[in-house]
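Only one structure is covered here, and it is reproduced in the block below.
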2 protein chains.
Amino acid sequence: MSPPNPRRTNEQEARPSRGIPEATVARLPVYLRALTALADRGIATASSEELARAAGVNSAKLRKDLSYLGSYGTRGVGYDVEYLRYQIAREIGLTQDWPVVIVGIGNLGHALANYSGFVSRGFGIVGLLDADPARVGEQVGDHEIQAYGELERVVSEYGVAIGVISTPATAAQEVCDRMVAAGITSVLNFAPVVLSVPAGVDVRKVDLSTELQILAYHEQRKALAGPGTGPLSQVDGIPVERSPLVP
Amino acid sequence: MSPPNPRRTNEQEARPSRGIPEATVARLPVYLRALTALADRGIATASSEELARAAGVNSAKLRKDLSYLGSYGTRGVGYDVEYLRYQIAREIGLTQDWPVVIVGIGNLGHALANYSGFVSRGFGIVGLLDADPARVGEQVGDHEIQAYGELERVVSEYGVAIGVISTPATAAQEVCDRMVAAGITSVLNFAPVVLSVPAGVDVRKVDLSTELQILAYHEQRKALAGPGTGPLSQVDGIPVERSPLVP
DNA sequence: TAGATTGTTAATCGATTAACAATC
DNA sequence: TAGATTGTTAATCGATTAACAATC
């Protein structure tokens, strides 16, 4: 079972680079942000307990998550904030910059284009595209809205791998198809439709009304339990005094 | 174990109304949307297979999910689209309207305020609030931006249970605290910070850069595997031909 | 009745958590 | 060395999936 040489083969074991669980991947950006916040406050070292508090998870989960990346902590001491920050950024792939194109520059597209976290977090907008000729040429932040027809050119010129869809629902599938045909393999979809894509293309969806509906479900449960009914089984706490639901 | 009367006690078993798994709750809005789309196309009945395809899940999962709500299908036939749609809406709590307040009316707040899916899906904006006096009075959609100081009045006047935070990160925790103090028990947070709330308050977070980072991680994995390397273990498919990542 | 499809069971898989040996 | 804290193990919990008996 064990290799002839008992020394650990760091290249294989310390950086698995494969097989990080999805749930862990989804938390890495949260840890990254927590580390950046600690660094900004001038904190050089943090224990898993402190880091977990900043990230809003429990420390066992955090240590387990970090163990998939390698052994970047020091027993008895904690984690070097700057070093761990770099390791997570590298694992996610943020040591390079990702060119991103946004299609559909309505209200939401404007908000996305002006979102400062975009540039600061390893992403760069290389194109804002809209199908409405009346919008083409409009200046949004540092960019000028281009015609939707420019999609293929922008994708190939900048080597875009990630596309953002903030069009109306009716246009989203067509835009997605064309993004994929142009070479995009990751799509962030804000339109309220289920996109169908070929194997090998990743889609993530952000949906305001889904989020609100999930909250509404829990809110209704709280109301059914009634004020003062005691702890709820599902939600992690007791109902607090609330105002009536509908005026 | 079984009650004296073998007849099923529908009130308890057909409508558990308690203990629906979180993962199922998160999919109910997706099913609701799929059913609405089917209804719009004039389809009156759908099998679990058809419905699952429209929702982008597999049919076993869909049937399992629906079984938590009750037995709303007909064996050998399928589900009545309109009936199931109503049952899911009722389960989520969308047979009533939820008054929502939005704090922070920058680019994103404007987008949210103008989002049509808001009203059509059981939610109603009852207040748009901003701390910047220069913005107060501005008309956004059907509403006029009000002073942040109006928060308590709006919450109590309309019985607001759900608050949306679209402020800068620095303001989010303060806004959240004040929302909770005013009686809000569900918060949808768009600011890139981990909010801390007392037990009994639900928080959901929507975070653009987190979503992009998750995509970047998978994108990097595809690049590491290399074009033509064959199926990836984690991602559900084979890498397709891609453009270079960085120009 | 024969065919179709649900609702449920049971097996499997993945995620979370507590506990603690390893080790700084 | 004594104290602190990581990295890992193992137990538990929850979610997914295939398969099929129930039943329209």
Side-chain angles (χ1 to χ4, degrees), chain A residues 6 8 10 13-16 18-28 30-31 35 43-81 83-84 87-88 214 233-236, chain B residues 1-2 6-8 10 13-16 18-28 30-31 35 43-53 55-81 83-84 87-88 214 233-236:
Chain A
R8 194 158 55 133
N10 273 327
E13 289 185 47
R15 282 194 206 170
R18 255 189 198 258
I20 297 185
E22 260 314 297
T24 297
V25 170
R27 282 187 295 265
L28 293 181
V30 181
Y31 300 154
L35 286 163
I43 294 168
T45 302
S47 69
S48 62
E49 193 59 59
E50 294 165 319
L51 197 43
R53 202 176 316 121
V57 302
N58 81 37
S59 65
K61 189 188 281 182
L62 177 126
R63 286 198 303 277
K64 184 90 169 114
D65 282 342
L66 294 184
S67 77
Y68 291 113
L69 313 192
S71 293
Y72 297 131
T74 306
R75 289 163 132 108
V77 178
Y79 299 89
D80 182 282
V81 169
Y83 179 61
L84 183 59
Q87 293 300 340
I88 293 178
I214 294 168
S233 57
Q234 288 291 88
V235 183
D236 69 335
Chain B
M1 215 50 163
S2 37
R7 239 175 104 259
R8 195 156 55 131
N10 273 327
E13 290 186 43
R15 282 196 207 171
R18 238 172 223 271
I20 297 184
E22 261 312 298
T24 297
V25 170
R27 283 188 293 266
L28 293 180
V30 180
Y31 300 155
L35 286 163
I43 294 168
T45 302
S47 69
S48 62
E49 193 60 56
E50 295 165 318
L51 196 42
R53 202 175 316 122
V57 301
N58 83 38
S59 64
K61 188 188 283 181
L62 178 126
R63 287 198 303 277
K64 185 89 169 111
D65 283 341
L66 294 183
S67 76
Y68 291 111
L69 313 192
S71 293
Y72 298 131
T74 307
R75 289 163 133 107
V77 177
Y79 299 89
D80 183 283
V81 169
Y83 179 63
L84 182 59
Q87 293 299 340
I88 293 178
I214 294 169
S233 56
Q234 289 291 86
V235 184
D236 69 335

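Since the model is a prediction, treat every value here as computed from it, not as a measurement.
Rounded to 10°, the angle separating the first-five-pair axis and the last-five-pair axis of the helix from dG3(C)-dC24(D) to dC24(C)-dG3(D) equals 10°.
When side chains are defined from C-beta on, L69(B) counts as touching L28(B), because their heavy atoms get closer than 4.5 Å. Residues L84(A) and L51(A) are in side-chain contact: their nearest non-hydrogen atoms beyond the backbone lie under 4.5 Å apart. L66(B) is listed as a side-chain neighbour of I88(B), based on a closest heavy-atom distance under 4.5 Å.
Closest to the side chain of R27(B), out of dT16(D), dA15(D), dT16(C), is dT16(D). If you check dT8(D), dA15(D), dA15(C) against the side chain of P21(A), the one that comes closest is dA15(C).
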Set out, line by line, the N/O atom pairs under 3.5 Å between protein and nucleotides 22-24 of chain D.
residue, atom, partner, partner atom, Å
dA22(D), N3, R75(B), NE, 2.9
dT23(D), O4', R75(B), NE, 3.3
dC24(D), O4', R75(B), O, 3.4
dC24(D), O2, R75(B), O, 3.3

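In terms of the side chain to side chain contact (heavy atoms under 4.5 Å, CB included) criterion, residue partners of A46(B) (sequence neighbours excluded) are, by chain and number, L38(B), E50(B), V81(B). Contacts of R27(B) classified as salt bridge (Lys or Arg N to Asp or Glu O under 4.0 Å), with partners at least two apart in sequence or in another chain: D65(B).
The line from OG1 of T24(B) to OH of Y68(B) is 5.5 Å long, rounded to the nearest 0.5 Å. To the nearest 0.5 Å, atoms CZ (R53(A)) and CG (L62(A)) are separated by 12.0 Å. Of the inter-residue distances, the one linking L35(A) atom CG with Q87(A) atom CD reads 11.5 Å to the nearest 0.5 angstrom.
Contact check, Y79(B) against dG7(C): a side-chain N or O comes under 4.0 Å of OP1 or OP2. Listed pair R63(B) / dA19(D) fails the phosphate criterion, with no side-chain N or O lying under 4.0 Å from OP1 or OP2. Of the side-chain N and O atoms in Y68(B), none sit less than 4.0 angstrom from OP1 or OP2 of dA15(D).
Outside the 6.0 Å centre-distance limit, the rings of Y79(A) and Y72(A) are not counted as a close aromatic pair.
At whole-Å resolution of the value, CG in D65(A) and P in dT16(C) are 7 Å apart. In this structure, CG of L69(A) is placed 15 Å from P of dT6(D), rounded to the nearest angstrom. One can place OH of Y83(B) at 14 Å from C1' of dT6(C), the figure rounded to the nearest angstrom. The nearest whole Å value for the distance from the NZ atom in K64(B) to the P atom in dG14(D) is 13 Å.
Residue pairs meeting the salt bridge (charged side-chain N to carboxylate O under 4.0 Å, His left out) criterion with at least one partner in residues 55-64 of chain A, sequence neighbours excluded, are absent.
In plain terms, the two heavy atoms of S59(B) and S48(B) that are nearest each other are CB-O, 3.8 Å.
Residues from residues 46-62 of chain A lying near DNA chain C, meaning a heavy-atom separation below 4.0 Å, are N58(A), A60(A), K61(A) in numerical order.
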